[in-house]
Enquirer: 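If you scroll down you'll find the structure; I have some questions about it.
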Amino acid sequence: MQNTLVIGASLKPERYSNKAILRLVENSIKTEAYGLKEGKIGSIQIKTNFNDFQNIHTVTLYINPKRQVELYDSILNLKPKRVIFNTGTENVEFYKLLKKQGVKVEVACTLVLLATNQY
């Protein structure tokens, strides 16, 4: 099973990162979450330390480009196969860094991908 890491996980149920985590779990996708505050979304523990993650296939972003900069190295060190840039997270600079490392860049909505069986 391919692991997905949601970056920008929020405890607020109205946030799309929260909805995405629940939908990923509903679709039996092994899901991990990184956010500013620890807590739980359903059965998923939000972690605040990148050292807790390994064997990540897909990273799906819910943080703006300015906040991404400080995580470039941490994300690249995970060696994901794919990074999904959800609406509002588009970042041409980061696309280039990822592609240089052979990472597939996808500008899409995780929720739409799941709803249309394209995830």
Side-chain angles (χ1 to χ4, degrees):
M1 178 63 64
Q2 299 171 342
N3 294 353
T4 293
L5 172 60
V6 176
I7 296 179
S10 172
L11 292 168
K12 297 177 183 175
E14 68 274 12
R15 304 295 290 205
Y16 286 110
S17 62
N18 187 297
K19 294 174 190 302
I21 289 167
L22 294 173
R23 195 72 46 83
L24 286 161
V25 171
E26 281 176 20
N27 281 272
S28 302
I29 296 167
K30 188 161 191 294
T31 305
E32 301 201 52
Y34 173 84
L36 294 176
K37 296 179 185 173
E38 289 186 2
K40 276 190 135 180
I41 299 172
S43 62
I44 304 301
Q45 179 68 42
I46 299 173
K47 298 174 182 172
T48 57
N49 185 340
F50 254 88
N51 295 330
D52 294 336
F53 305 114
Q54 56 186 321
N55 301 319
I56 299 297
H57 178 275
T58 298
V59 171
T60 183
L61 296 173
Y62 287 94
I63 58 174
N64 71 51
K66 288 180 184 174
R67 292 213 29 243
Q68 291 170 24
V69 174
E70 64 194 47
L71 297 177
Y72 284 177
D73 288 338
S74 297
I75 293 169
L76 289 167
N77 287 336
L78 292 173
K79 298 186 182 349
K81 303 289 183 241
R82 167 174 75 157
V83 175
I84 299 170
F85 288 82
N86 289 276
T87 303
T89 68
E90 299 88 348
N91 182 345
V92 174
E93 177 183 69
F94 198 20
Y95 300 166
K96 290 176 185 174
L97 292 171
L98 290 162
K99 288 178 180 178
K100 198 174 188 181
Q101 298 294 318
V103 179
K104 180 181 179 188
V105 170
E106 204 166 334
V107 180
C109 173
T110 298
L111 291 168
V112 171
L113 293 173
L114 289 166
T116 57
N117 295 316
Q118 297 180 68
Y119 192 81

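Just so you know, these numbers use all the heavy atoms, side chains as well, and skip hydrogens, waters and symmetry mates. Numbers for residues simply follow the sequence, beginning at 1.
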Enquirer: How about Ile29 and Leu114: do any of their side-chain heavy atoms sit closer than 4.5 Å?
Expert: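 In short, these two side chains touch, coming nearer than 4.5 Å.
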
Enquirer: So do Lys81 and Lys104 actually touch side chain to side chain, heavy atoms under 4.5 Å?
Expert: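 The answer is no, as the side chains (C-beta and beyond) never meet within the 4.5 Å cut-off.
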
Enquirer: If you compare all heavy atoms of Glu32 against all heavy atoms of Gln54, which two are closest, and at what distance to 0.1 Å?
Expert: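 The pair with the smallest heavy-atom distance is OE2-O, 4.3 Å.
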
Enquirer: For the residue pair Tyr34 and Phe53, categorise the inter-ring angle as parallel (less than 30°), tilted (30 to 60°) or perpendicular (more than 60°).
Expert: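 Answer is perpendicular, since the angle exceeds 60°.
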
Enquirer: Taking side chain as C-beta onward, heavy atoms only, is Arg23 less than 4.5 Å from Tyr119?
Expert: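 No, every pair of side-chain atoms sits at 4.5 Å or beyond.
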
Enquirer: Taking all atoms of both residues into account, what is the closest heavy-atom pair of Thr110 and Asn86, and its distance?
Expert: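 That would be N-OD1, 2.8 Å.
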
Enquirer: Less than 4.5 Å apart, side chain to side chain, heavy atoms only: is that true for Leu36 and Arg67?
Expert: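 Yes; the side chains approach each other to less than 4.5 Å.
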
Enquirer: Do Leu113 and Glu106 make a side-chain contact, defined as non-hydrogen atoms from C-beta onward lying under 4.5 Å apart?
Expert: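 Leu113 vs Glu106: side chains touch.
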
Enquirer: Which atom pair, heavy atoms only, marks the closest approach of Val59 to Pro80?
Expert: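 The pair with the smallest heavy-atom distance is CG2-CB, 4.0 Å.
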
Enquirer: Under 4.5 Å between any side-chain heavy atoms of Leu71 and Leu61, yes or no?
Expert: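 With C-beta onward as the side chain, the pair stays apart.
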
Enquirer: Could you pull out the closest heavy-atom pair between Val69 and Glu93, with the gap in Å?
Expert: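 Between these two residues, the closest heavy atoms are CG2-OE1, 4.3 Å.
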
Enquirer: Can you tell me how far apart CZ (Arg82) and OG1 (Thr58) are? Round to the nearest 0.5 Å.
Expert: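 The OG1 atom of Thr58 is 3.5 Å from CZ of Arg82, to the nearest 0.5 Å.
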
Enquirer: Any side-chain heavy atom of Phe50 sitting closer than 4.5 Å to one from Ile7?
Expert: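 Yes, close enough: below the 4.5 Å cut-off.
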
Enquirer: Could you tell me which non-hydrogen atom of Ser17 sits nearest to which non-hydrogen atom of Ser10, and how far apart they are?
Expert: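 Closest approach of Ser17 to Ser10, heavy atoms only: OG-N, 3.1 Å.
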
Enquirer: On a heavy-atom basis, which atom in Ile46 and which in Leu11 lie closest, and how many Å separate them?
Expert: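 Result for this residue pair: CD1-CD2, 3.6 Å.
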
